[in-house]
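Working notes, beginning with the structure itself.
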Amino acid sequence: QVDLVESGGGLVQPGGSLRLSCVASGVVFKIFTFAWYRQAPGKSRELVARITSSGTPNYANSVEGRFTISRDNAKNTVYLYMNSLELEDTAVYYCRQWLTDYWGQGTQVTVSS
C-alpha cells in the first residue's frame with residue numbers, strides 16, 4: 001500500500017515563500033517519477049511540477065522560475081520550494097506518484113495580505 005503524506009502548507013503573504021514536503025512509503029521511491037498538483041476553489045486540479053527518477057524537473061508555465069521541485073531518495077521525500085508567492089497560488093497542493101492513483105491528502109496553501 002502506497003502512502004503519500006504532504007506537509008508544509010500554511011498562510012503566507014504575497015511575495016513570501018513556503019516549502020512543501022511529501023513523504024512516500026510502501027513504494028520503491030527512487031525508481032518513480034513524482035509530481036505536485038494543486039486545486040484552487042472552483043477550479044480543476046492542475047499539474048504544478050514533476051520530477052523524474054533521475055531528478056529531471058518539469059514545471060507548469062505559471063510557476064516556472066518561482067517554484068523548485070526536488071527529491072531526496074534517502075528520505076523518500078519530494079519537496080516543492082515555492083518563492084515569490086502570488087494570490088493565485090492559493091490552493092490545496094497534492095503529491096502524486098506519477099501516472100498512478102496514489103495521491104496524498106493535500107496541504108492547504110493560502111496566499112493573502
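Both backbone and side-chain heavy atoms feed into the values below; hydrogens, waters and symmetry mates do not. Bear in mind that the values here come from a model prediction, so they are computed numbers and not experimental data.
- Legend: residues meeting side-chain hydrogen bond (donor to acceptor under 3.5 Å, both in side chains) with Ser84, ordered by chain and number and at least two apart, are absent.
- Listed by first and then second residue, the disulfide (SG to SG under 2.5 Å) pairs involving residues 48-113 are Cys22-Cys95 (not counting sequence neighbours).
- Within the model, atoms CG of Leu11 and CD of Gln108 stand 9.5 Å from one another, a figure rounded to the nearest 0.5 Å.
- The stretch residues 93-106 participates, sequence neighbours left out, in no salt bridge (charged side-chain N to carboxylate O under 4.0 Å, His left out) pair at all.
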Identify all side-chain donor-acceptor contacts of residues 76-83 below 3.5 Å with residues at least two apart in sequence or on another chain.
residue	atom	partner	partner atom	Å
Asn76	ND2	Ala24	O	3.4
Thr77	OG1	Lys75	O	2.7
Asn83	OD1	Ser17	OG	2.9

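- Taking OG1 of Thr56 as the reference point, atom CD1 of Ile51 lies at 7.5 Å (rounded to 0.5 Å).
- In terms of heavy atoms, Gly104 sits closest to Tyr94 at O-CD2, 3.6 Å.
- Under the rule for a ring-ring contact (aromatic ring centres under 6.0 Å, His included), the partners of Phe34 that lie at least two apart in sequence or sit in another chain are Phe29.
- Partners of Tyr37 by ring-ring contact (aromatic ring centres under 6.0 Å, His included), not counting sequence neighbours, listed by chain and number: Trp103.
- Taking OG from Ser112 and CG from Leu85, the interatomic distance works out to 12.0 Å, rounded to the nearest 0.5 Å.
- Leu20 is not listed as a side-chain neighbour of Phe67, based on a closest heavy-atom distance of 4.5 Å or more.
- Considering every non-hydrogen atom in both Ser113 and Pro14, the closest pair reads N-CD, 3.8 Å.
- Under the side-chain hydrogen bond (donor to acceptor under 3.5 Å, both in side chains) criterion, Arg19 pairs with no residue at all, not counting sequence neighbours.
- Contact annotation: the side chain of Arg66 never approaches that of Tyr59 to less than 4.5 Å [non-hydrogen atoms, C-beta and beyond].
- Nearest heavy-atom pair across Ile69 and Pro57 is CG2-CB, 3.7 Å.
- Taking CD of Gln39 as the reference point, atom OG of Ser44 lies at 7.0 Å (rounded to 0.5 Å).
- If you take OG1 on Thr52 and CD1 on Ile31, they are separated by 13.0 Å, rounding to the nearest 0.5 Å.
- With sequence neighbours left out, Arg38 forms a salt bridge (charged side-chain N to carboxylate O under 4.0 Å, His left out) with Glu46, Asp89.
- Sorted by first and then second residue, the disulfide (SG to SG under 2.5 Å) pairs involving residues 23-53 (not counting sequence neighbours) form an empty list.
- For Ser53, there are no side-chain hydrogen bond (donor to acceptor under 3.5 Å, both in side chains) partners at least two apart in sequence or on another chain.
- Take Asn73 and apply the side-chain hydrogen bond (donor to acceptor under 3.5 Å, both in side chains) test, not counting sequence neighbours, and it matches Arg71.
- Criterion: ILVMFWY side-chain heavy atoms under 4.5 Å apart, direct or through other members. Under it, Val92 and Val63 are not part of a common hydrophobic cluster.
- The disulfide (SG to SG under 2.5 Å) pairs that include a residue from residues 30-73 number zero, where partners must be two or more places apart or lie in different chains.
- Judged purely by atom type and a 3.5 angstrom limit, Gln105 has no side-chain atom pairing as donor or acceptor with the backbone of Val5.
- Of all the heavy atoms in Ala35 and Leu47, the pair that sits closest is CB-CD1, 3.8 Å.
- Val28 and Trp98 are members of different hydrophobic clusters when ILVMFWY side chains are connected at heavy-atom separations under 4.5 Å.
- Taken from OH in Tyr93 to OG1 in Thr90, the straight-line distance is 7.5 Å, to the nearest 0.5 Å.
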